[in-house]
Amino acid sequence: MTEYASNIHPMAAILIHAAIPLTIILVYALVAIWGERKIAGFIQDRLGPMRVGGWHGWAQSIADLLKLIQKEDIIPTNASRFLFKFAPFMMFAASYAAFAVIPFSSAYIGSMINIGVFYLLAITSILTLSVIMAGWASNNKWSLLGGMRSAAQMVSYEVPTIATVLTVVLVAGSLNLMTVTEMQAGNDTLGFLPNWLIFQNPFLIVAFIIFFISILAESHRVPFDLPESESELVGGYQTEYSGMRWAMFMLAEYADMLLLSLLGATLFFGGWNSPFGDFMSGPVWGFFWFMLKGLLLVFVMMWIRWTLPRYRVDQLMHICWNILIPLSFINLVLTALWEVIF
Amino acid sequence: MKTPEEIFEYLKNEFGEDALTFEKGDIGDPWILVKAATIKNVSKFLRDDPGMRFNMLMCLSGLHYPKEEEVGVVYNLHSTELHQTINLKVRVPVDGPAVPSVEAIWKTADWHEREAYDMVGVIFDGHPNHKRILLPDDWEGHPLRKDYVQQEFYRGVTTRS
Amino acid sequence: MIEVISKETGNKEMVINMGPQHPSTHGVLRLELVLDGEIITKVRPNIGYLHRCFEKYAEQMDDYAKVIPYTDRMDYVSAINQEHGYVIALERMLELEVPERVEYIRVIMAELQRIASHLLGIGAFGLDLGAFSPFLYLFTEREKILDIFERVTGARLLYNYFAVAGLMRDVHPKFKADTAEFVRTFRPKIKELNDLLSYNKIFIQRTANIGVLPEKVAFNYAASGPVLRGSGVKWDLRKNDPYSIYDRFEFDIPVGTGEVGTLGDCWDRYIVRVKEMEQSLRIIEQALDGMPDEGDVMEAIPKRIRPKEGEIYVRTETPRGELGYYIVSDKSASPFRVKARAPSFVHLSVLPAISKGSLIADMVAIVGSIDIVLGEVDR
């Protein structure tokens, strides 16, 4: 991609770079929302959407989108209008911007910067800000509680996420996600396993488990979906939103899920590397493998969502501060020792 | 386990004959008519006395007797320890329908008494939160009185369909 | 956490309205919560949004039997049990003999209804805590019961099936086989429920030690049914004050034991319901064995209901607890006074006593665990 970009106008290059992740997110969101409903249906012994579009209700998300576009855009009288309108877009922008450093395939990455992981973690913390903004601006007590919970939760869970990402960076020796992926190529671990980082050392398996729990909490999925827990806080920070603004929140939530899953796939499962060494590799297959790995993680998140009840807010904090954070730092130190010894 | 008659005799020894009357309809359960002023003491005695132990106030209902121009309160009591049951009744004139509250003796009376006030208009002296419970606070009249006429308008909205 | 200075009191507390339109209040209940951060310092339940004048209607009817359809509408998820209490009250007032076959069919229907009601209660409780899937699993089973009811009574929710000393119509010939089939298929599902929800670690963390109702408080508030049994009291009107033909059946009274937390917490109340479903299955099995195949279910229905003067208080065990009917007759064709003592009404008044100092999320668990039906609270 980069070699073509030098021949065309810089502005056009930026637009193309911006359009590719956006297309991926939008297509993914349509599929994922339909997929989640189908998965939920099958887990709950029912069929899920079956009508719209003919085959297994494949057009359900499109129908929903059309409905949401037509809806009246309601803004509560006493809401802080600017912040209220701005919050959903800021939220989506934050998760969208983070896609810039994700290496989708060996031939395409939005921006090849040396501090990719750092940039990603920094930009996703804007999500917290937009959630508080939405909660505060709605001028609704339930929204406010949802926003405050969300802030506490996301700030707390960022710590174990960062600690586990650091563990990987320690092993990989680079903050650039492309470099991290490239060094996972090949199939020689124990003779047959791919050279993915999760197979490189036992502490990285622990790191992955901590990382996965943390991203569940970061992307507000059950059992940590407290900010929007509909049976307690009505809708949390989304309570007052309707129509397209609400759809932006949903889009951002799904985009966030994909983003963190793709990050997990990059850091632990070899990113765009094929699991069969050179077989089925190359830029296009790379994209296929990368999305497959990411979507598998998304599927596990959905699976968990439709199986488990939800934690309470103090239990959530207990898990984070008393279990995950100490464990992730101990894990970091042990990984460092392992790296020194072997 | 004591029969209602035995319980009445037991109570009569404690509170004297003036305060209590044993009554019974042609069918159904008998009840003890208690003077309004003594109901609280009788209740307390029934709950705490080792021979009575009525730990459960199953039900408390308000009634309106249009002929006698009285309102009544009925207490259905049960003892889970001794497995005995007794009904008490209090009747007061409709113009001054004040009955001492038994909320302090059985907590469950709290809401039941509020309902009796709401529906029949019995005033419970000493109730900590003497407000309507099912109807809005500014509703007029007490619907379960036999002479109740529904108000035409409530806050400017007609109540007839 | 958040500090909001209250305009009214000047304190650092926030008043928040939970309901009347809130997903977890099981209907139109409004709870005024006074919060300090997320900790509840005070609860004021506000009811009456669903008041439909049951007692007034009952007095206006020109026939005692015409009240039966209205009883259905009090606790609309266990309508059969509401009818059962009312017809028993009338039978006692009129001193009527009820035919054997009628009694057996009534018990089978009442126990099926108890299972259906508990399935809804448990499912909704899980839903309140974010467990979505068990709810739909349980509803599949509830549908099967409603199908049986539909074939027998023609209705799925409000049946108007029991008559004084009889039934509105006889059951169809395959009723026994249908019910036996349901009992057979339902038993393994209880184990499935225990695996899926009851002993789920998160579920236990959310419900154990929450909303503890000590035995003494429970008696003082006249709690009954699973709420009282959850506090460890062996008290079931089917055994302690038998009505209908419940004294003929063998079944246990499950009580809370504080297995995973404190005695009388939300989990205890929940597990009592789960275990009660097993006992109901036992009763249904015995009743199916003992049910006579022949007999007219309508012959004993009186043409005219005119009780003599007097009053009666009759209580039966509904899925939610003690349902009492206090009926006063003045020899006329319509009741002088009908008061329904609804278990949910009483249990809701316990709420402020057991939810102080808990979090909003616990409030949801507590409301779910006492399993109220607002139709019954407001009548």
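The sequence lines fix the lettering, A, B, ..., with proteins before strands; numbering per chain opens at 1.
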Checklist entry - Are the side chains of Asp314(A) and Leu359(C) in touch, meaning some heavy atoms are under 4.5 Å apart? => result yes
Next on the checklist: So, taking the atom named CZ in Phe139(C) and the one named CD in Gln44(A), what distance separates them when rounded to the nearest 0.5 Å?
Outcome noted: 12.5 Å
Next on the checklist: Distance check, rounded to the nearest 0.5 Å: Arg312(A) atom CZ versus Ile360(C) atom CD1?
Outcome noted: 12.5 Å
Checklist outcome for this item: Taking every heavy atom of Leu197(C) against every heavy atom of Pro309(A), the minimum-distance pair comes out as CD1-CG, 4.5 Å
Checklist entry - If you take all heavy atoms of Trp142(A) and Met18(C), which pair is closest and at what distance? => result CZ2-CA, 3.7 Å
Next on the checklist: Could you tell me if the side chain of Ser133(C) sits less than 4.5 Å from the side chain of Thr307(A), heavy atoms only?
Outcome noted: no
Checklist entry - Do you know which two heavy atoms are closest between Ile16(C) and Lys141(A), and how far apart they sit? => result CD1-CB, 3.6 Å
Checklist outcome for this item: d(Leu196(C) CG, Leu308(A) CG) to nearest 0.5 Å is 9.5 Å
Next on the checklist: Just so I know, are the side chains of Arg206(C) and Gln315(A) near enough to count as touching, which here means a heavy-atom distance under 4.5 Å?
Outcome noted: yes
Checklist entry - Quick check: are there more than 12 heavy atoms from other residues, nucleotides or ligands sitting under 6.0 Å from CH2 of Trp58(A)? => result no
Next on the checklist: Please classify the contact of Ile204(C) with chain A as side chain, backbone, both or neither, using a heavy-atom distance under 4.5 Å.
Outcome noted: neither
Checklist entry - Quick check: are there more than 12 heavy atoms from other residues, nucleotides or ligands sitting under 6.0 Å from CZ of Arg46(A)? => result yes
Item to check | Interchain contact, Tyr137(C) with chain A, by part (heavy-atom threshold 4.5 Å) | outcome: side chain
Checklist entry - Is atom CH2 of Trp34(A) surrounded by more than 12 heavy atoms (other residues, nucleotides or ligands) closer than 6.0 Å? => result yes
